[in-house]
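Beneath this line is the structure, given in structure tokens, with notes to follow.
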Number of protein chains: 4
Amino acid sequence: MPDNREIIIEATQRLLQSHGLARLTTRDIARGAGVAEGLIYHHFKDKAELIFEVVLERVRNTKDVLQNLPLQVGTNTIKENLEEVLHTIYRGHYEIVPIICSMFADRRLHIRMLEIMKERNLGSQKAIEGLTVYLAAEQRLGRLSGNINPQAAANCLWLISIQSAMNDNLMENAVNDTDVRRQISDYVQTLMAGMAPSDKTGKIKKAKK
Amino acid sequence: MPDNREIIIEATQRLLQSHGLARLTTRDIARGAGVAEGLIYHHFKDKAELIFEVVLERVRNTKDVLQNLPLQVGTNTIKENLEEVLHTIYRGHYEIVPIICSMFADRRLHIRMLEIMKERNLGSQKAIEGLTVYLAAEQRLGRLSGNINPQAAANCLWLISIQSAMNDNLMENAVNDTDVRRQISDYVQTLMAGMAPSDKTGKIKKAKK
Amino acid sequence: MPDNREIIIEATQRLLQSHGLARLTTRDIARGAGVAEGLIYHHFKDKAELIFEVVLERVRNTKDVLQNLPLQVGTNTIKENLEEVLHTIYRGHYEIVPIICSMFADRRLHIRMLEIMKERNLGSQKAIEGLTVYLAAEQRLGRLSGNINPQAAANCLWLISIQSAMNDNLMENAVNDTDVRRQISDYVQTLMAGMAPSDKTGKIKKAKK
Amino acid sequence: MPDNREIIIEATQRLLQSHGLARLTTRDIARGAGVAEGLIYHHFKDKAELIFEVVLERVRNTKDVLQNLPLQVGTNTIKENLEEVLHTIYRGHYEIVPIICSMFADRRLHIRMLEIMKERNLGSQKAIEGLTVYLAAEQRLGRLSGNINPQAAANCLWLISIQSAMNDNLMENAVNDTDVRRQISDYVQTLMAGMAPSDKTGKIKKAKK
DNA sequence: AATGAATGAGCTTTCATTCAT
DNA sequence: GATGAATGAAAGCTCATTCAT
């Protein structure tokens, strides 16, 4: 007994990738799923909610990784852990970001999207929480500098990986895994090392001029 | 005699920023430009061509954002300079977020845009170049750590500010200048200080397990 | 064991009053009754039959409104009695306005309703009868002018109160009891005093030109 | 050169009478008018506004009569003038009332209808104004009792004629002009004479019992 | 060049009704 | 009797585009 709700979500996911959101109609979705158009509205309040469900499904894996991150506290190197996190966020969002952006290109969908997120108490801050907790824990273990603010650092990592994915997708950069990982490694390296000169103590030097 | 072609483009640009592409109708554009709907089709083959013209103009402007940065080498504190840069990128992108999103929503527009950018050698890497040059110069002056890769660092700064702007725009966060600047300051602070513990030498410690 | 047929009818009645017919769906009804949508079709041939059953019940009740009025003959003041009557008619109809409107909206329902009313000798003239009898009795007691036709007067009172209720309901006027009573009082006062000049004898003066 | 806006209104008017509102679709209207469906939305904001326009067109005549009523001050007999007014209101609303009621059976149309009325500053009080002014003027001339409130009296007349029309339409009473005029004559007679006993002075007697 | 009325295909959404369980 | 997932035929409305003037 096939679950039509799942079938609809899967068909939407498939069509979203081949056609894009702007040209995707509920008729296409129904045809693609092999069900009546009306059934969509039995399982989802409206088209926006269906699209949102697709995005959620995709993001779920990322969310799990971030939530389980605190379990990694003290294991491996920090750099290894962070690279893994950034890679997960990157991969989890590479295909989703254009869909989300598409929704924001449509005023009506945009508004509805924000409503749904409010209803379900979702938002990127929620997703980042696990990362923030992890960083704070590593900081307490002395594996991270006491000078940084875990929340700000988590935000930086999040923003970099999301925007990388978005940028690569928008510019259609080659995205073989080796390149992605090398790039991420560079970013993490930069964030770990810090840009201030090596004699720094967390205070920023004035120009000597 | 005002040039109606220009007037139409300007109105489209304005409306694209405030309303996004998906619900922007030729009627809206005509009304916004104060001309008849039919006139659009005298000046442009179709709606897509008009939109394309507008987006192209925006992309042309983007690369100028960071051109003047190298002039700041050695002046002020690094932190001050970087905060100013991030703020500039943030503000410059905040308003074109709906246009960027629109490109994700319309596959044909997206593809044409990429072709043009390739032809004319545009693209974010170009825009970041000024920032990279600046960072390298400061590094030579000893005002930045020798351990970082200027290109990677420039990328980090770029990605963070763009994605901040997108996030704030799309999630309809409050964006008064004070909040934006505080946020940016936190990010720069994190990047300057680095996340590795204070005895770091650029090498990453293993977990002591 | 509660009788689901009755439960469905009650829920429909309630919803018809608050929401009107046109947007009242079988889903709403089922939800309101706490049963499955399909069950409606076990108890009623189709939606029309269910609605019909409900409207019929309302019409049955309406004629009782004025039955007790003749009992008031000679008691209180006429004005008090009439104000009470108008208020009763007003209140009794205020809540069924959406149902009356629904009959105008659905031709089939309208026709069936008329047939039933003819068959069973229902109708507003029947309902007004009590009022007419009352007025005639008061006229015989000398408490009402001998110049009026009790039937016409009863009709006037009836029409005014019904239409007041409709108007207030449809225009979403504020309808606190004080306002309603003041309004009714004005109408009764007008009807009691009569519009002809005070030297009137029931005959209408010509303009003196 | 036929005016399509008028053609659409006329077709709607025609179809409204034969089919009723509940089953009247925009497709039917377009077909009936011989134009494209989209054209309706070029001339009217939505279906509600079109329907409303039809009602307005019909009511316009009534409105004119009421507004010109003050010109009749002092001419003919009061009774003649009032009978003419009530007859005009009755005739002008006989076919309109069911349409208006139908709109109120549909929650969405109801709300939209009230919006439109607010936008255009319409409402029954506006229509009654002319009648109120007329009554007040006749009162000053001594042709109407000084004991009545012109506003309340105007309301009574209005409510009676509207509800008569509605009642006759709903009950499908015979409505040949002779019957209608006789009925109206009875109502006016009642209102003129007043219901209080002939020795009245405008004060209401207590029951002597 | 400029207008704006007119088109018509296509969109999302609604909803009475059916039917396997 | 009772369920609720599933249907599919509309419904109201949108909008890029055309064309007579």
Side-chain angles (χ1 to χ4, degrees), chain A residues 1-5 7-8 22-30 33-48 50 108-109 112, chain B residues 1 3-5 8 22-31 33-51, chain C residues 1 3-5 8 22-31 33-51, chain D residues 1-5 8 22-30 33-48 50 106 108-109 112:
Chain A
M1 157 178 38
D3 180 355
N4 275 328
R5 191 175 188 278
I7 290 175
I8 291 171
R23 309 269 170 214
L24 184 61
T25 69
T26 49
R27 192 156 303 177
D28 291 340
I29 294 170
V35 300
E37 216 176 332
L39 190 58
I40 294 172
Y41 295 87
H42 186 76
H43 290 296
F44 308 92
K45 209 174 145 201
D46 52 21
K47 191 186 170 192
L50 167 57
R108 206 176 304 176
L109 281 182
R112 184 76 184 99
Chain B
M1 161 174 42
D3 182 355
N4 274 331
R5 192 176 190 279
I8 292 171
R23 300 279 167 190
L24 183 59
T25 68
T26 49
R27 174 174 289 200
D28 290 339
I29 293 170
R31 201 167 291 170
V35 300
E37 224 176 324
L39 189 58
I40 293 172
Y41 293 85
H42 275 283
H43 291 297
F44 306 91
K45 199 190 102 213
D46 56 15
K47 189 190 168 192
E49 197 182 281
L50 166 59
I51 300 292
Chain C
M1 163 173 40
D3 181 356
N4 274 329
R5 191 174 189 279
I8 292 171
R23 301 278 167 192
L24 183 59
T25 67
T26 49
R27 175 175 289 200
D28 290 339
I29 294 170
R31 201 168 291 169
V35 300
E37 225 176 323
L39 189 57
I40 293 172
Y41 294 85
H42 275 282
H43 291 297
F44 306 91
K45 197 191 104 212
D46 55 16
K47 189 190 168 193
E49 195 180 284
L50 166 58
I51 300 294
Chain D
M1 159 177 36
D3 181 355
N4 275 329
R5 190 175 188 280
I8 292 170
R23 308 270 171 214
L24 183 60
T25 69
T26 51
R27 196 153 300 178
D28 291 339
I29 294 170
V35 300
E37 214 177 333
L39 190 59
I40 294 172
Y41 296 89
H42 186 75
H43 290 296
F44 308 92
K45 211 174 144 205
D46 53 21
K47 191 186 169 191
L50 167 58
D106 184 330
R108 208 177 301 178
L109 281 183
R112 182 79 184 97

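Every chain is numbered from 1 and lettered A, B, ... according to where its sequence line falls, protein lines coming before strand lines.
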Distance, nearest 0.5 Å, that separates CG of D:Leu24 from CD1 of D:Ile29: 4.0 Å
If I take atom CZ in residue C:Arg31 and atom P in nucleotide F:dA5, what distance separates them, rounded to the nearest angstrom? 11 Å
Gap between atoms CZ and P, on C:Arg5 and F:dG1 respectively (whole Å): 10 Å
For E:dG4, give the paired nucleotide (Watson-Crick: N1-N3 plus N6-O4 or O6-N4; G-U: N1-O2 and O6-N3; both under 3.5 Å), or none. F:dC19
How many whole angstroms separate atom NZ of C:Lys47 from atom P of E:dT18? 15 Å
In whole angstrom, what separates C:Ile40's CD1 from E:dC19's P? 17 Å
Can I get a per-line list of side-chain donor-acceptor pairs under 3.5 Å for residues 34-46 of chain B, giving both atom names and the distance, sequence neighbours left out?
unit_1, atom_1, unit_2, atom_2, d
B:Glu37, OE2, B:Thr26, OG1, 2.9
B:Asp46, OD1, B:Ala48, N, 3.3
B:Asp46, OD1, B:Glu49, N, 3.0

On DNA chain F, nearest-nucleotide positions of D:Glu37 versus C:Leu39: which is more 5'? C:Leu39
Starting at atom CG of C:Leu50, determine the distance to atom P of E:dT17, rounded to an integer number of angstrom. 11 Å
What contact category does C:Thr26 fall into here, base, sugar-phosphate, or nothing, at under 4.0 angstrom with non-hydrogen atoms? base
Can you tell me if A:Tyr41 touches the phosphate of E:dT13, counting only side-chain N or O atoms and a distance under 4.0 Å to OP1 or OP2? yes
From CZ (A:Arg23) to CG (A:Asp28), nearest 0.5 Å: 11.5 Å
Which atom pair, heavy atoms only, marks the closest approach of C:Ile8 to C:Ala33? CA-CB, 4.0 Å
Taking the nucleotide of DNA chain F with the closest heavy atom to each, which residue, D:Thr25 or C:Ala36, is nearer the 5' end? C:Ala36
Touch class at under 4.0 angstrom, heavy-atom based, for D:Leu24 against every strand present: sugar-phosphate
Rounded distance (Å) that lies between atom C1' of E:dG10 and atom CD1 of A:Ile29: 15 Å
Using atom CG of D:Leu109 as one end and atom C1' of F:dG12 as the other, report the distance to the nearest whole Å. 11 Å
Taking only N and O in the side chain of C:His42, is any of them less than 4.0 Å away from OP1 or OP2 of F:dA2? no
Taking for B:Val35 and for C:Gly38 the nucleotide of DNA chain E with the nearest heavy atom, the one nearer the 5' end belongs to B:Val35
Need the pair for F:dA9. Rule: Watson-Crick or G-U wobble, both distances under 3.5 Å, any strand; none if unpaired. E:dT14
Respond yes when some side-chain nitrogen or oxygen of D:Asn4 is under 4.0 Å from OP1 or OP2 of E:dA5, and no when none is. no
Separation of A:Arg27 atom CZ from E:dT14 atom C1', in whole Å? 14 Å
